[in-house]
Structures are given as structure tokens and as C-alpha cells.
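Take a look at the structure set out below.
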Amino acid sequence: MRRPDFTQVAEFIVGDTQADRMVPPTGITARLTLLSAAAMAFLAVFALALSVATGRMADRWGDELARSSTLRISAPTDQIDAQTQAALRVLEQTPGVASARALTDEEQRALLEPWFGPDLPVETLPIPQLIEVIEDGDGYDAQGLRLRLSAEVPGAVLDDHTRWRQPLVNAANRLRLLGWVSIGLIFGTMAAIITLAANAALAANAQVIAVLRLVGARDSYIAKAFVRRYTLRTLTGAALGVVLGLVAILLLPSAQTAGGFLTGLGFRGAGWLLPLVIPPLAAMVAFIATHLAAARTLKELP
Amino acid sequence: MIELENVAMSYGGGELLSDISLQLAPGSFHFLTGPSGAGKTTFLKLCYGALMPTAGHVRLFDHDVRNMARDDIALARRRIGVVHQDVRFLDHLPVADNVALPLTVSGRDTLDETVNLRELLAWVGLKARADALPPELSGGERQRAALARAVIMSPDVILADEPTGNIDWEMSQRLLQLLVELNRMGKTIMIATHDLNLIRAAKGQVQARVLRIASRRLQLAGADL
């Protein structure tokens with residue numbers, strides 16, 4: 001394998017100070033390019049966080065929830081214990097069920113708390129008993145289990161979550177796709193902004209370019225001064241934007257246990273390294289955009 | 001060096017130059033004259049590849065400009081020093097940097113060249129103005145700076161377009177002196193001018209041929225000047 005030539009990259013960053021001086025510094029375009037790159041990188045961090053978070057959510061819902069279901073037992077208070085025991089017995093004998101567990105009063109109260117407040121006297125209310133069923137890898141035959149339960153535990157209703165899980169997984173997947181499309185659009189916009197800025201700079205410096213051509217400068221020499229400038233500006237701006245974006249995400253309120261996906265926005269573990277890809281990628285976009293703009297402009301000059 | 005063969009040049013509808021043939025031999029000294037608008041500047045532009053002829057062939061150092069890539073033209077220009085009519089500089093850089101520009105863009109910006117640069121600036125009498133910006137220079141100083149820039153690469157050919165256009169007679173004489181000296185060093189010189197006094201002044205010092213553009217054609221002017 002050929003080793004990448006880092007000296008060339010280093011040379012590009014250090015630059016030919018002479019070549020750089022040939023083009024007069026442009027205050028406002030420079031600052032605007034920097035600002036745009038920073039803003040776009042900032043947005044890219046959020047789009048990336050959205051994609052990653054919704055991806056994680058889709059996986060969780062598709063995976064964990066797919067393997068759990070709920071059995072609800074509604075029965076008169078004096079029968080509820082007996083029916084619960086009967087249902088647990090049935091579940092233990094059902095192939096494909098890894099474990100089944102009746103929720104305790106505390107857990108049920110915790111589930112109801114968001115709706116009824118903390119001081120609900122669960123014991124005195126005729127609320128149904130919930131049983132959490134965890135499937136093993138192969139899953140169980142829901143239809144068969146329903147038939148058997150209706151015979152042995154008349155008050156039991158099996159909910160295998162597919163009814164509401166599938167739309168949620170779909171929504172999460174769609175959201176993830178939207179996140180990636182946003183990232184694509186952000187980079188496309190960045191390329192457009194940089195191309196416009198570079199074109200403006202090339203047009204503003206037409207006189208300089210003509211003089212350089214006249215004294216025998218090659219196109220590559222002239223292009224380099226512009227390309228280097230815009231690439232480094234974009235790199236700096238994007239780095240700034242990413243840092244600000246990450247700080248903003250760190251400052252988001254942390255996810256609650258009952259957390260919706262909005263508060264779950266963020267990165268986990270190695271995922272925090274993902275946004276670091278944005279500045280080099282932005283610099284690459286800037287490099288290509290400026291290079292094409294310069295090549296196009298120079299070709300039309302004598 | 002520079003060779004034109006049956007060259008024609010037209011802008012838009014009308015033909016400005018037609019059927020022009022000329023060979024610039026090494027060490028020759030030419031004046032190019034003719035009424036303004038006759039195409040002197042166009043002729044010079046053809047000679048350094050800034051314009052492509054609409055017909056005929058222009059050869060720079062034995063290469064047809066039509067077959068030369070942009071980089072080839074750039075390399076050829078390093079061997080042709082041009083003193084532009086409207087002397088163009090990079091206004092944000094000092095005179096010394098502007099004169100050294102051809103060295104800089106060709107990557108020959110070395111330390112011993114800076115010694116040459118100082119000598120060259122002294123030769124054109126701009127030593128004291130080396131750190132001034134081009135807009136601060138007088139007309140004559142700009143013309144001399146342009147000449148210094150044209151010769152710093154030690155080119156084979158020097159093309160000067162109205163080098164004495166907006167300077168007084170004394171300064172014109174000095175500039176001509178510089179060009180004559182360069183010719184004695186073996187450089188090929190071509191000066192476009194409508195200043196007949198300048199041509200007369202040169203005749204005494206150098207074997208110069210006078211070309212005249214009239215009714216779209218290039219003619220060798222008589223010795224009656």
C-alpha cells in the first residue's frame with residue numbers, strides 16, 4: 001500500500017507565503033466565508049446528532065421492544081391474583097417465552113404517575129395487572145397463546161406491541177433518513193456559498209490575475225493562492241462551528257427515563273468523535289469547489 | 001524566436017491586420033510605428049500569445065501558439081519581457097516585489113536573485129523607491145519599473161508598447177538608453193511607438209529597423225525618418 005504523502009498536505013497548509021501575498025486580502029468575503037462555514041458546520045452537528053439519535057431509537061424499538069410484550073389482566077379484585085398465577089403458568093409452558101414477570105405495585109404506580117400524580121392509591125383502584133413477557137430469539141406464536149389464554153385466563157389481553165411499534169420504527173427510520181438528507185443539503189449549500197465567494201474573489205482580482213498571467217505565472221500557481229485561502233478559511237470556520245455545536249449539545253437537558261426522542265438528541269461513546277469528520281469534509285468540499293471555480297475562471301483569460 | 005506567417009487578425013466583423021509575415025531574429029532591434037488604432041498593440045499581443053491569430057501561424061520559439069497549452073504559453077512568457085502600454089502592477093505590493101514578480105511566480109525567488117534585483121533597481125534609477133507602492137510612483141518611474149520587471153528574467157525578447165507614452169523627453173531618452181544597452185547585451189527588442197523623435201534618436205546608436213502598420217499591413221519604412 002502506498003503511504004499517503006503528508007508532506008504535500010503540510011506544504012499546502014503552511015503554504016507558499018509568496019503566492020499568498022500575490023492576492024490582496026479581502027476582509028468581508030473572508031469573514032463571510034468563515035461565518036458561513038461555521039454556521040453550516042453547527043447545523044451539520046445537529047443533523048448528525050438527529051440521525052444518530054433516531055438511528056439508535058429505531059434500533060432499540062425494533063430490537064428490544066420487538067422481544068417484549070405485555071399481558072393485561074382485567075378481573076374482579078378477588079380473582080386477579082388467581083388469574084395472574086394462571087397466566088404466568090401458561091406463559092411458563094409456552095415455547096418461545098424467555099421469561100414472564102408480573103409488575104409490582106410500585107412499578108405500576110410509576111407507570112401511572114405521569115398521568116395521575118405520585119399519590120395514587122393503586123391498591124384501592126380496580127386497575128389491571130400487567131405481566132411483562134420477554135421472548136427468546138425465536139419468538140412465540142401469538143395467535144396460539146391468545147387462544148390458550150382465552151380458555152384458561154378469561155380476563156387476559158395480550159398486547160405484542162406491533163400495533164404501535166411498527167409506525168414508531170418507521171417514523172424513526174424516516175427521521176434518520178431526513179437527518180442524512182439534511183447533512184447532504186448542508187454540504188451542498190456550503191459548496192454553493194464557497195463557490196460564490198470564490199467567484200466573487202476571482203472577479204474582484206481579475207486585474208491581479210491578468211498581471212500574474214502576463215509575467216508568466218501558470219494557472220496552477222494562481223489557482224493555488226485562492227484554493228488554499230478558501231480551504232483553510234472553511235476548515236477554520238467548520239472547526240469553530242463543530243465546537244460550538246458540540247457545546248450546545250452537551251448543554252441540552254439530559255434524557256429522562258421517560259424521555260422522548262427530543263431530549264435523547266446527542267452522541268454516545270465513540271459517537272462523539274463522529275462530528276470531528278465535519279471540518280475535514282468541509283475543507284475537502286471547499287477545496288474542490290474553489291478549484292473548479294478557479295479553473296473555470298482562468299480558462300477564459302488570455 | 002518569434003515568427004509570424006501570413007497572420008490575420010479580426011475583431012468582430014472587421015479585419016484589423018491581414019497577411020502579416022515577420023521573423024524576429026535574435027539580437028535585432030525593431031521599431032513598430034503607425035497611426036493610433038492601426039493595431040500596434042494587437043500586433044504585440046499576437047507576439048506574446050495574448051491573442052490567437054484568426055488566420056496564419058504565430059510561432060513562439062518554434063512552437064505554434066495554436067498547439068500550445070496554457071502552461072506552455074506561461075513558460076514562453078518567461079522568455080519574453082513585456083512592457084505594457086498601461087503598465088500594470090499589483091498595487092498592494094511594493095515596487096521591489098512587483099519588479100521581482102516574474103521570479104516569484106516561476107519559483108526562482110532565491111537569495112542571489114535579490115542581489116540582482118537591487119542592481120536592477122539601481123540601473124533603472126529606482127533604488128530609493130523600492131519600498132514605495134506602485135500608485136505612489138510618477139509616470140516615468142512606473143515606466144522604468146515596468147521595464148525592470150520585463151527584463152528581470154533575462155528574457156530573450158523584450159516587447160515594449162509605447163514605453164515613452166506619458167513621460168517627458170529626457171526620461172524617454174533614458175529609457176531608450178536602457179533598451180539600447182539591453183540590445184547590446186544580445187536581447188531582441190521591439191518597441192511600438194508613434195514618437196518619431198525617439199526613433200531618430202535611436203538610429204544614431206543602434207542598427208534599428210522601422211516597421212510600419214498601414215492599411216492593415218506591415219511594411220518596412222524607408223530610411224527617410
Side-chain angles (χ1 to χ4, degrees), chain A residues 7-8 10-31 198 200-230 233 290-302, chain B residues 42 44-46 48-52 60 65 68-94 96-110 113-114 133-134 145-146 148-155 157 159 161:
Chain A
T7 53
Q8 269 188 340
E11 260 173 38
F12 180 79
I13 291 171
V14 175
D16 180 349
T17 43
Q18 283 294 348
D20 213 34
R21 284 180 62 218
M22 296 300 131
V23 184
T26 42
I28 188 75
T29 350
R31 279 195 292 275
L202 286 161
N205 289 300
Q207 186 69 25
V208 170
I209 294 170
V211 171
L212 290 175
R213 275 297 291 175
L214 191 72
V215 299
R218 292 187 204 191
D219 284 354
S220 56
Y221 180 89
I222 301 169
K224 208 164 70 180
F226 289 92
V227 171
R228 179 173 172 276
R229 208 172 264 200
Y230 279 89
R233 257 175 220 163
T290 328
H291 200 81
L292 292 178
R296 207 170 38 237
T297 309
L298 288 171
K299 219 166 57 193
E300 286 160 17
L301 294 171
Chain B
T42 301
L44 288 184
K45 279 186 174 171
L46 285 167
Y48 62 88
L51 285 174
M52 290 286 155
L60 305 182
V65 286
M68 288 168 85
R70 288 176 61 78
D71 276 359
D72 296 332
I73 300 252
L75 293 182
R77 282 191 191 155
R78 294 179 188 177
R79 302 175 64 185
I80 304 175
V82 180
V83 182
H84 235 255
Q85 186 172 19
D86 48 338
V87 279
R88 293 198 230 155
F89 294 109
L90 300 185
D91 286 345
H92 64 289
L93 293 182
D97 286 353
N98 266 292
V99 170
L101 202 58
L103 293 175
T104 313
V105 302
S106 57
R108 280 176 44 191
D109 198 12
T110 54
E113 294 288 358
T114 51
L133 291 177
R149 186 180 70 184
V151 302
I152 194 159
M153 291 285 276
S154 188
V157 187
L159 305 174
D161 193 358

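Note on naming: letters A, B, ... go to the chains in the order of the sequence lines (proteins, then strands), and numbering restarts at 1 for each one. FYI, side chains are in, hydrogens and waters are out, and symmetry mates aren't considered; it's all heavy atoms of this structure.
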Checklist outcome for this item: One option among Asp219(A), Leu212(A), Val208(A), Ile222(A) has the most heavy-atom pairs under 4.5 Å with chain B, and it is Asp219(A)

Next on the checklist: With a 4.5 angstrom heavy-atom cut-off, is it the side chain or the backbone of Ile73(B) that approaches chain A, or both, or neither?
Outcome noted: side chain

Next on the checklist: Quick check against the 3.5 Å criterion: does Asp71(B) have a side-chain atom that pairs as donor or acceptor with the backbone of Arg218(A)?
Outcome noted: no

Checklist entry - Contact part of Arg79(B) toward chain A, heavy-atom cut-off under 4.5 Å: side chain, backbone, both or neither? => result neither

Checklist entry - With sequence neighbours left out, what residues match His84(B) under ring pair (Phe, Tyr, Trp, His ring centres under 6.0 Å)? => result none

Item to check | Phe89(B) versus chain A, the contacting section by heavy-atom distance below 4.5 Å | outcome: backbone

Checklist entry - Does the Arg70(B) side chain pair with the main chain of Leu298(A), one donor and one acceptor, at a distance under 3.5 Å? => result yes

Checklist entry - Counting N and O atoms only, with roles assigned by atom type, does the side chain of Arg77(B) sit under 3.5 Å from a partner on the main chain of Arg213(A), one being a donor and the other an acceptor? => result yes

